[in-house]
Peer 1: 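Here's a structure for you.
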Amino acid sequence: MDEQAVIQVNAVSKCYGENKAIKSVSFQVKRGELFGLIGRHGSGKSTLLELLMGHRLPDEGTIKVLGVDVKGGNSALKENISIFMQSTSLVDKLTVREALHKFQSFFHQDLKTEGVIEQFGLSAYADKEVKRLSGGLRQKAMLAIAVSNDPQVVFLDEPTTGLDAAAKQEYWKMLSALKMQGKTIIINSHDMSEIYSHCDRVGVMRTGQLVACNKPRQLIDELPYGGMTMEAVYMHYAIHEVEGGVEV
Ligand SMILES: Nc1ncnc2c1ncn2[C@@H]1O[C@H](COP(=O)(O)OP(=O)(O)OP(=O)(O)O)[C@@H](O)[C@H]1O
């Protein structure tokens, strides 16, 4: 195993009943990397993220985050990884400041809510309920909450879906700033151009398998028929080609 690996996934599988959602997936993510996961709906990206966060347990294989097996429910590990929620009924009812206070109270570190509000440019909205924020501001607030425990590893499940181009750009700027602080970020997205522009490496999921994993440029260069874009990478690896056409 690579000494610098912050995430080590080894032959991990996960079933929901009869449905094998993750099939013997192995990969590593290094400290400070921005790692993207792409794949079709239902290919297993969210399940993989949930396994990495320790929200679900693998049926087979091992996952180590920061050198600790996520199966153990280690509390020190929880202090060092992000909290990320896609569904936010709890947060929605709170103001940005209240939500940050609430989440910071779950951790033992002495964190400064006002500092986080300022860092994320949320000062003007701190007393607004999260549910009343625009899409871009809401995702900004959710990111502020996700990193409010100053984690070393940040997991983000489709945070830019539904944002307009300007909000997306601003979101990725914030992720770049977090990366500059040395944080390791794992993100999934359906937007190939943002994945190409911002991710150091990309893993492509297809029906529960990790079918390719490399730097975006290398994935493009290695396409057998000379495709030029990340979309071509997606079409080649993520779409399961079957006889007579493309599986839909
Ligand atoms: N809680 C669950 N219970 C049962 N099956 C689930 C559950 N969550 C996901 N699945 C199934 O597991 C497989 C992988 O789903 P998953 O949500 O991980 O894919 P995804 O790539 O994140 O999809 P999307 O891009 O739509 O979010 C799919 O077949 C899905 O139907």
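Counting begins at 1 with the first residue of the sequence. Hydrogens, waters and symmetry mates are skipped; everything else that's a heavy atom, side chains included, is used. Just follow the structure's listing: the first ligand is 1, and inside any ligand the first atom is 1.
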Peer 1: Would you say E50 contacts ligand 1, with heavy atoms under 4.0 Å as the rule?
Peer 2: no
Peer 1: Under a 3.5 Å threshold, yes or no: a donor from one side chain and an acceptor from the other, between Y16 and R56?
Peer 2: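 On atom types as modelled, these side chains qualify, holding a pair under 3.5 Å.
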Peer 1: Which atoms of ligand 1 sit under 4.0 Å from any heavy atom of H190?
Peer 2: 25 (O)
Peer 1: Among R138, K128, K131, which residue meets the salt bridge (Lys or Arg N to Asp or Glu O under 4.0 Å) test with D92?
Peer 2: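 Checked R138, K128, K131 against D92; only one passes salt bridge (Lys or Arg N to Asp or Glu O under 4.0 Å): R138.
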Peer 1: Which heavy atom of the protein is the closest neighbour of atom 24 (P) of ligand 1, given with residue, atom name and distance?
Peer 2: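 Result for atom 24 (P) of ligand 1: H41 ND1, 3.5 Å.
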Peer 1: Indicate yes or no: does D200 engage K30 in a salt bridge with an N to O separation below 4.0 Å.
Peer 2: no
Peer 1: Considering heavy atoms of the protein only, find what lies nearest to atom 17 (O) of ligand 1 and give residue, atom and distance to 0.1 Å.
Peer 2: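 In this structure, atom 17 (O) of ligand 1 has S46 CB, 3.8 Å as its nearest protein heavy atom.
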Peer 1: Who's the nearest protein heavy-atom neighbour of atom 14 (C) of ligand 1, and how far?
Peer 2: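 Nearest neighbour among protein heavy atoms for atom 14 (C) of ligand 1, to 0.1 Å: G42 O, 3.4 Å.
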Peer 1: May I have the step-by-step check of side chain to side chain donor-acceptor pair (under 3.5 Å) for D157 and S46, ending in yes or no?
Peer 2: CA-CA 7 Å; D157 193 355; S46 300; 3.0 Å; yes
Peer 1: Does the distance from a Lys or Arg side-chain N to an Asp or Glu carboxylate O, for E60 and K14, drop under 4.0 Å?
Peer 2: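 Judged by the 4.0 Å cut-off on N to carboxylate O distance, E60 and K14 do not form a salt bridge.
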Peer 1: For H41 and H190, take the angle between the two ring planes, folded into 0 to 90°, and tell me which bin it lands in: parallel under 30, tilted 30 to 60, perpendicular over 60.
Peer 2: tilted
Peer 1: Can an N or O of A21 be found at a distance shorter than 3.5 Å from an N or O of ligand 1?
Peer 2: no
Peer 1: Please list, in number order, the atoms of ligand 1 under 4.0 Å from a heavy atom of S43.
Peer 2: 19 (O), 20 (P), 21 (O)
Peer 1: Can you find a side-chain donor-acceptor pair between R31 and Q152 that sits under 3.5 Å?
Peer 2: yes
Peer 1: Considering only protein heavy atoms, which is closest to atom 16 (P) of ligand 1, and at what distance to one decimal place?
Peer 2: T47 OG1, 3.7 Å
Peer 1: Please state whether G39 comes within less than 4.0 angstrom of ligand 1, counting heavy atoms only.
Peer 2: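 No heavy atom of G39 comes that close to ligand 1.
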Peer 1: Going by the atom numbers of ligand 1, which of them fall below 4.0 Å from some non-hydrogen atom of E158?
Peer 2: 24 (P), 25 (O), 27 (O)
Peer 1: Within ligand 1, which atoms have a heavy atom of R40 less than 4.0 Å away?
Peer 2: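 Per the distance check, 21 (O).
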Peer 1: Would you check if there is a donor-acceptor pair between the side chains of Q209 and S24 at a distance under 3.5 Å?
Peer 2: no
Peer 1: List the closest protein heavy-atom neighbour of atom 9 (C) of ligand 1: residue, atom name, distance to the nearest 0.1 Å.
Peer 2: Y16 CE1, 3.5 Å
Peer 1: Which residue and non-hydrogen atom of the protein lie closest to atom 29 (O) of ligand 1, and at what distance in Å?
Peer 2: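 That would be N19 ND2, 3.0 Å.
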Peer 1: Starting from atom 19 (O) of ligand 1, find the nearest protein heavy-atom neighbour and note its residue, name and distance.
Peer 2: G44 N, 3.1 Å
Peer 1: Considering only heavy atoms of R56, which atoms of ligand 1 have at least one such atom less than 4.0 Å away?
Peer 2: 1 (N)
Peer 1: With heavy atoms of K45 as the reference, note each atom of ligand 1 found under 4.0 Å away.
Peer 2: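 Listed by number with element: 18 (O), 19 (O), 20 (P), 21 (O), 22 (O), 23 (O), 24 (P), 25 (O).
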Peer 1: If we ignore angles and hydrogens, is there a donor and acceptor under 3.5 Å between the side chains of Y234 and R40?
Peer 2: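 The criterion, which ignores hydrogens and geometry beyond distance, is not satisfied for R40 and Y234.
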Peer 1: Examine the side chains of S189 and E194 and answer whether a donor and an acceptor come within less than 3.5 Å of each other.
Peer 2: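 Yes, side-chain donor-acceptor contact under 3.5 Å.
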